[in-house]
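Notes to accompany the following structure.
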Amino acid sequence: MKKITAIMATSGAIAGGLAGAAPATAASSSNPVAYVRNGDIYVSRSGGESRLTTGGGRSRPQWSPDGRQIAYLKGGQLWAMTADGGTARRLTTRAAAGPSWSPDGKWIAFASLSCAGGPGSTGSPR
């Protein structure tokens, strides 16, 4: 049986590549929706649509609680970008799935089959 291990990434690791992100004030007032079409991430706000990425290969966009960032999967790895589609940063070097922000936005939980350091592991975290 394969074991799935949940991993957490700190917002400090995320913020390193996303510092200065402009607040997405629309997140609280018009409830924007992030979605994928043909592998690219789009955001719908107040009846308008914005394409945030190009080149395809993205899935599972998830808004941060403060609306400043979007976590997503690309090439089977976890990424995060500013809410305007600007600065993006890869957060994992191993396979990841199912990203989910903590309520305070400081952590992202995700599943991975290829992590060390979980319960019963004799190796150190990588």
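By convention here, the first residue in the shown sequence is residue 1.
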Contact between [X] and [Y] at the side-chain level, heavy atoms closer than 4.5 Å - yes or no?
X      : Y     : answer
Met81  : Leu52 : yes
Val43  : Ile70 : yes
Trp101 : Gln69 : yes
Arg60  : Pro99 : yes
Trp63  : Pro32 : yes

Considering all heavy atoms of both residues, which atom of [X] and which atom of [Y] are nearest to each other, and what is their separation?
X      : Y      : answer
Pro65  : Ser102 : CG-O, 3.2 Å
Ala83  : Gly67  : CB-O, 3.3 Å
Ser112 : Ala95  : OG-O, 2.6 Å
Ser64  : Asp66  : OG-OD1, 2.7 Å

Q.
Keeping Ser44 on the side-chain end and Glu49 on the backbone end, is there a donor-acceptor pair under 3.5 Å?
A. no
Do Tyr72 and Gln77 pair up side chain to side chain, a donor and an acceptor below 3.5 Å, judged on atom types alone? no
Contacts of Arg51 meeting salt bridge (charged side-chain N to carboxylate O under 4.0 Å, His left out) (sequence neighbours excluded), chain-then-number -> Asp40
Value rounded to 0.5 Å, distance of [atom1] in [X] from [atom2] in [Y]:
X     : Y      : atom1 : atom2 : result
Trp79 : Leu91  : CH2   : CG    : 9.0 Å
Arg94 : Phe110 : CZ    : CZ    : 10.0 Å
Lys74 : Thr92  : NZ    : OG1   : 12.0 Å
Asn38 : Thr53  : CG    : OG1   : 10.5 Å

Quiz prompt | side-chain contact (heavy atoms from CB on, under 4.5 Å) between Tyr35 and Ile41, intermediate numbers included | solution = CA-CA 6 Å; Tyr35 56 95; Ile41 298 175; over 6 Å; no
